[in-house]
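Read the numbers this way: they start at 1 and go in the same order the structure lists the ligands and their atoms. Only heavy atoms go into these numbers, but all of them, side chains included; no hydrogens, no water, no symmetry mates.
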Amino acid sequence: MSVRAPDFAAAGTEPAWTIADSTELYLTGSWGAQFFFVNENGHVAVNVMNEAATTMDVVAIVEELRRRGVQFPILLRFQDVLRARVRRLNEAFHKAIEDAGYRNDYRAVYPIKVNQLHEVVDELLDAGKPYGMGLECGSKAELIAALPQLDDDTLLVCNGVKDKSMLSLIISGQRLGRNAIPVIENHAEFVDLKELAFKAGFVPRLGVRVRLSTPGSGRWSESSGENSKFGLSVAELLSLLRELEAGGLADRLLVLHCHIGSQIADIHVLKQAAREVTRIYAELVGRGAGVRYLDLGGGLGVNYDRGHLEEGAGINYSLQEYANAVVFTVQEICAAHGVAEPTIVTESGRALTAHHSALIVPVLGTRAKDDPALEYMVDEGASDPVQALHAVLAHLDSVETPGELLEAYHEGNERLGEVRSLFSLGYLDLEQRALAESLYWRLCSRLLAAFRSGPGASLPEVGELERQLTDLYLCDFSIFQSMLDHWAIGQPFPIMPIDRLDERPDRRGVLVDLTCDSDGRVSHYVSAHADNSFLPLHAPKPGEPYYLAFFLMGAYEDIVGDAHNLFGRVSEAHIYADPEEPDNFWIEKIIPGTAIQDMLAQVQYFPNDLHRRMSELVRAKIQEGVVRPTQGIAILDQYMACFPQNTYCNPRDMEQDAPA
Ligand SMILES: *Cc1c(COP(=O)(O)O)cnc(C)c1O
């Protein structure tokens, strides 16, 4: 991929910036999975139906939401994207099965822990109906949610640690005719299951999870391997099989399950695991077990950045390659052992949900070191090093060669250092220091432009200047609520402005959030730039909103966020494409974000009590004469008015007036 850095030349001397440049810079063509692109207006757009007639403009959606007075940040759910992902997954497997001449079928089951939101599960199941898609649950609560949703013949794979009440609910599900399969994770579960079923006078169907020796892959590698906390070892599996045989139940063991971790990076690891588990399957079948489903768990990866074409970046396979690898490997091992080919099951969660939602975050403000709005005056009275700095800046126009530019840069550094130590020693005042810093940053910014437009563009000092000159973009969101995996495990998420993509992004931004936590910043970015410690962005224009979109938020991030700094669930809007509607979309539903009082209630503060305390305080202050009665009451009202509000800030340009 040839990458043109966005800002390697001084303004005026470079070719105009195009939407193709933005696509390349933000790698939209890679992680966008054909859903997201830059349209001819320089806006982010969404194509959910694979046809130009139904593309939606994200700027138009945001404008419509603003007209309706919706609180930002807001999570946009593209329900059609969920449906498209279900289709792509199933069709990839069906193609692999057809190409290989595989003599059985494929069933996807959706692990609801990845995104339990009712609307998400419903949409996935509806889209998956033609493919017989089922569900996977990993807890009692998830089982309770899943049990009434499925048809009788679709799979409900019940993983996770199961207590007796969960096991007996699964048995009841089977008695009701549901295809709910308890996947035995340890021997104690089997003992409980046997006892409960015996009492109920019912012979249950079951599955078993095996611990593979193939080490896991990706960032969740502890889900597999000898030391995984899940599943039976091969020795335990054999002893379970003997118990089943003794009870005449071997033909009730229907599912063999394994899971080697999420976001599998390397297709070879997947093949190795598939080979191992199919070998186990073949032996079980040879011993008379009734295994019909071979469940390879989740882990189908998603491109968060450059994608599978580039070595060392993200996952090294496509959706179709994943399906081919699974189908061909299972087929090959079954043929070698002369056993019937099983129905292949996968529990892909991330791959179904990641793409469907994007978080829209307003930029509340920026802080640039070389802010041109900062005025300064250097007069006679300025100190010597300040005068010297000013002189370097003043002569910059006549400086041309990289050597001369370097000299100016070093001189600038030296003078600034001088000013700072003289300040520390008490010889210079704050005014002089402020003046020196303004001059220095102005100098750096002009030097950077000059280096880039000339032969010095590749000098190491250019990188140094870039890092020094990054701007802070204060964003109206919380990393801990909306991007927990970025903070916890360094997962990168693609981020880009939704607008002005036909304009050169000539600032280098670092995004910081609203939380008071120094970790509340995005630490690395998805872009074609070699240095991923910043994101090329535009300088926001005064009076104009500037929104960023955070993509691939639909898996895990939706639900794992905690209540850091008491930021709650963000508002969300459900968008459908429709060529009959103006701008090709309609908004089905807007769900407001969590109210402050609800977040507070989670940590045991309640409005009545807080109101009582606040009015006591106000009364005392009125009596002390600190505030006038009308003022005091207005403050109390203002305080109480916050309770039903959303936990996030309003962007400047949407701010409503505070109560008088
Ligand atoms: C988490 C989990 C999944 C989902 O994995 P993805 O990587 O999201 O596809 C599937 N199966 C089990 C058992 C899991 O724990």
Side-chain angles (χ1 to χ4, degrees), residues 82 85-86 88-90 92-93 106-117 120-121 124 128 133-143 146 155-162 166 181-186 189 207-212 214 216-225 228-232 255-267 269-270 273-274 277 293-304 314-315 317 319 322-323 325-326 344-357 484-485 488-489 491 552-560:
L82 282 175
R85 292 302 293 175
V86 170
R88 284 190 201 175
L89 175 68
N90 282 283
F93 269 94
Y106 166 74
R107 287 278 179 274
V109 301
Y110 171 62
I112 66 176
K113 75 151 191 272
V114 178
N115 193 326
Q116 298 117 329
L117 195 72
V120 170
V121 178
L124 287 167
M133 191 166 93
L135 290 178
E136 186 263 3
C137 60
S139 70
K140 205 190 306 178
E142 290 183 352
L143 173 65
L155 266 177
L156 173 54
V157 177
C158 307
N159 285 321
V161 178
K162 294 170 274 299
M166 183 166 172
I181 307 288
V183 174
I184 300 298
E185 298 263 8
N186 58 56
E189 259 176 33
V208 61
R209 176 166 181 169
V210 61
R211 222 184 299 160
L212 299 183
T214 307
S217 169
R219 296 182 215 267
W220 288 267
S221 52
E222 65 287 354
S223 319
S224 180
S228 162
K229 67 177 180 172
F230 302 108
L232 301 184
V255 176
L256 178 62
H257 172 274
C258 67
H259 172 66
I260 61 167
S262 201
Q263 188 70 352
I264 297 172
D266 184 357
I267 190 107
V269 174
L270 172 79
V277 76
Y293 297 102
L294 185 57
D295 182 343
L296 286 138
L300 169 52
V302 161
N303 272 333
Y304 288 88
I315 58 170
Y317 55 89
L319 175 53
Y322 175 91
V326 168
I344 294 171
V345 177
T346 69
E347 303 171 348
S348 304
R350 180 189 303 274
L352 289 181
T353 54
H355 299 87
H356 91 283
S357 66
L484 194 62
D485 279 347
I489 54 171
Q491 173 70 57
L552 307 190
M553 306 298 287
Y556 300 101
E557 304 315 304
D558 259 2
I559 49 143
V560 290

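Under 3.5 Å, the side chains of Thr353 and Arg85 contain no donor-acceptor pair of N or O atoms.
Panel note: side chain Ser139, backbone Glu142; a donor-acceptor pair is recorded below 3.5 Å.
Atom CE of Met166 is separated from atom CG of Leu143 by 5.0 Å, given to the nearest 0.5 angstrom. Between the OG1 atom in Thr346 and the CG atom in Leu296 there is a gap of 7.5 Å [rounded to 0.5 Å].
In this structure Arg88 satisfies the salt bridge (Lys or Arg N to Asp or Glu O under 4.0 Å) test with no other residue, sequence neighbours excluded.
Looking at Val114, Leu319, Val109, Leu89 one by one, the single match for side-chain contact (heavy atoms from CB on, under 4.5 Å) with Ser348 turns out to be Leu89.
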What short N/O contacts, under 3.5 Å, does ligand 1 make with the protein, listed by atom pair and distance?
residue: ligand 1; atom: 5 (O); partner: Tyr556; partner atom: OH; Å: 3.4
residue: ligand 1; atom: 7 (O); partner: Ser262; partner atom: OG; Å: 2.4
residue: ligand 1; atom: 7 (O); partner: Gly299; partner atom: N; Å: 3.1
residue: ligand 1; atom: 8 (O); partner: Arg350; partner atom: N; Å: 2.8
residue: ligand 1; atom: 8 (O); partner: Tyr556; partner atom: OH; Å: 2.6
residue: ligand 1; atom: 9 (O); partner: Gly299; partner atom: N; Å: 3.0
residue: ligand 1; atom: 9 (O); partner: Glu347; partner atom: O; Å: 3.4
residue: ligand 1; atom: 9 (O); partner: Gly349; partner atom: N; Å: 2.8
residue: ligand 1; atom: 11 (N); partner: Glu347; partner atom: OE1; Å: 2.5
residue: ligand 1; atom: 15 (O); partner: Lys113; partner atom: NZ; Å: 2.7

